[in-house]
Number of protein chains: 2
Amino acid sequence: MRSESNTGTTPERGPATADILRALIVISRRGVADARIANLSLSMTDQSILGYIVDHPGCRSTDIAQAFRLNRSTVSRQLAGLMKLGVVRETTDASGRGRPLELTGSGWAAYDEAIGILQGVVDETLDDWTDAEVARFAHDLQRFNTGAAGETRPRHPIEAPDAPLDKAP
Amino acid sequence: MRSESNTGTTPERGPATADILRALIVISRRGVADARIANLSLSMTDQSILGYIVDHPGCRSTDIAQAFRLNRSTVSRQLAGLMKLGVVRETTDASGRGRPLELTGSGWAAYDEAIGILQGVVDETLDDWTDAEVARFAHDLQRFNTGAAGETRPRHPIEAPDAPLDKAP
DNA sequence: GTGAAGTGTTGCGGAATGCAACAGACAAGA
DNA sequence: TCTTGTCTGTTGCATTCCGCAACACTTCAC
């Protein structure tokens with residue numbers, strides 16, 4: 001009994017987007033649990049912050065908070081821990097507001113290690129997919145994410161583009 | 001361990017699956033934050049538990065814990081809260097081990113309400129997708145999830161099949 | 001220079017989670 | 001039937017993540 005509270009889309013959309021929502025919920029819940037179980041040196045939260053810095057070099061604490069809809073205090077505390085661990089540091093060129101961030105050498109190492117482990121799980125799941133299907137799925141996911149980025153995009157011009165997506169449709 | 005259909009993973013696979021992983025991390029983080037912000041009556045955790053009971057009527061506490069890789073104590077506590085709220089109850093027919101669960105009337109109402117709100121966010125994001133693209137994306141996500149279900153499948157015979165997926169290829 | 005706005009930090013409390021220990025229920029065998 | 005082992009659920013305790021509010025510091029605009 002889904003409530004078909006469709007915005008204005010075609011009648012088809014309701015069930016399909018409901019399925020997408022349910023699937024995303026499962027992915028979220030299962031993903032964080034998987035990351036928790038795999039005994040990584042960094043938590044899922046830390047990992048996502050590192051990932052953001054990788055994608056947006058020179059970003060500041062506030063940018064991370066906006067990207068993940070987190071309170072500034074939360075990011076501040078997480079970053080404090082990461083800097084104490086020596087995986088993140090503030091760049092020297094503090095031109096403008098805030099303090100740009102970047103990964104340290106060990107930061108890259110930790111990031112690559114965690115990504116490698118988690119990617120193993122994903123690879124395993126995608127084992128019986130064709131390359132084309134994988135590429136298409138990756139493309140759709142990135143499209144979904146950039147779309148979901150929404151209005152929070154008042155960013156620095158230095159940063160890398162939000163997603164390198166291309167590949168086949 | 002997997003069937004050897006594709007294990008060699010062509011050189012393409014690495015980057016693509018890495019993109020998928022990164023996209024999924026972002027989706028997870030952003031999704032839970034979105035759910036937190038939308039002031040739902042139920043938390044994301046509660047919501048996912050309700051969703052599991054919807055998909056697997058008569059399931060027990062342990063089943064939920066296994067599905068989401070959570071500790072039994074965590075699920076126990078969450079369920080205690082949900083039963084106190086009157087959205088979940090134990091079924092009367094306690095044949096066998098454990099105590100089968102089901103949603104109450106207000107449980108269905110709360111579930112539908114939350115799904116409706118969250119679906120609004122998803123619908124908005126998918127605004128400029130064609131129906132076919134949405135359907136394909138939904139299908140890929142469900143395929144990914146069922147594949148990721150993995151080996152944790154020591155299930156009761158009563159329950160509904162793990163996922164109703166079918167639809168278009 | 002002064003005021004306004006942006007940025008980061010800290011105190012406080014709440015929610016979610018894991019681990020370990022425990023109690024009750026069920027199943028299989030003597 | 002009784003006993004023993006296993007499964008299921010619960011509770012105490014600690015930890016992590018998070019938000020809100022208040023604060024200090026910096027940067028910008030006038």
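We name chains A, B, ... by the order of the sequence lines, and we start the count at 1 in each one.
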Show me the protein contacts with nucleotides 9-15 of chain D, counting only N or O atoms at under 3.5 Å.
from    : atom 1 : to     : atom 2 : distance (Å)
dG9(D)  : OP1    : R99(B) : N      : 3.2
dG9(D)  : OP2    : T62(B) : N      : 2.9
dG9(D)  : OP2    : T62(B) : OG1    : 2.5
dG9(D)  : O3'    : R99(B) : NH2    : 3.2
dG9(D)  : N7     : R72(B) : NE     : 2.9
dG9(D)  : N7     : R72(B) : NH2    : 3.1
dG9(D)  : O6     : R72(B) : NH2    : 2.8
dT10(D) : OP2    : S76(B) : OG     : 2.6
dT10(D) : O5'    : S76(B) : OG     : 3.4
dG12(D) : O6     : R77(B) : NH1    : 3.2
dG12(D) : O6     : R77(B) : NH2    : 3.1

Which whole-number value in Å describes the distance from R29(B) CZ to dA16(C) C1'?
13 Å

What pairs with D140(A) under salt bridge (Lys or Arg N to Asp or Glu O under 4.0 Å), at least two apart in sequence or on another chain?
R136(B)

Contacts of type side-chain hydrogen bond (donor to acceptor under 3.5 Å, both in side chains), residue T74(A), not counting sequence neighbours:
none

Taken in chain and number order and not counting sequence neighbours, the residues that satisfy side chain to side chain contact (heavy atoms under 4.5 Å, CB included) with S41(B) are E113(B)

Is there a side-chain polar atom (N or O) of T45(B) under 4.0 Å from OP1 or OP2 of dA15(C)?
no

Sequence neighbours excluded, the answer for salt bridge (Lys or Arg N to Asp or Glu O under 4.0 Å) partners of D34(B) is R69(A)

Which ranges of DNA chain D pair up as stems, where a stem means three or more consecutive Watson-Crick or G-U pairs with both distances under 3.5 Å?
C:1-30 with D:1-30

Salt bridge (charged side-chain N to carboxylate O under 4.0 Å, His left out): which pairs involve residues 98-108 of chain B, sequence neighbours left out?
R89(B)-E102(B), E90(B)-R99(B)

M44(B) CE to dC17(D) P, in whole Å, measures 18 Å

Quick one: sort the W129(B) and F144(A) rings into parallel, tilted or perpendicular, breaks at 30° and 60°.
perpendicular

Between L70(A) (CG) and dT7(C) (C1'), how many Å, whole number?
16 Å

Could you list by number each residue of residues 111-121 of chain A showing a heavy-atom separation from DNA chain C of less than 4.0 Å, or answer none if no residue does?
none

Who pairs with S73(A) by side chain to side chain contact (heavy atoms under 4.5 Å, CB included), at least two apart in sequence or on another chain?
N71(A), R77(A)

Restricting to side chain to side chain contact (heavy atoms under 4.5 Å, CB included), what partner residues turn up for S43(B), sequence neighbours left out?
T45(B), D46(B)

Under the side chain to side chain contact (heavy atoms under 4.5 Å, CB included) rule, collect the residues that match up with V26(A), sequence neighbours excluded.
R30(A), N145(B)

Whole angstrom value for the distance that separates C1' of dC17(D) from CZ of R69(A):
18 Å

Can you list everything that forms a side-chain hydrogen bond (donor to acceptor under 3.5 Å, both in side chains) with T91(A)? Sequence neighbours excluded, please.
D93(A)

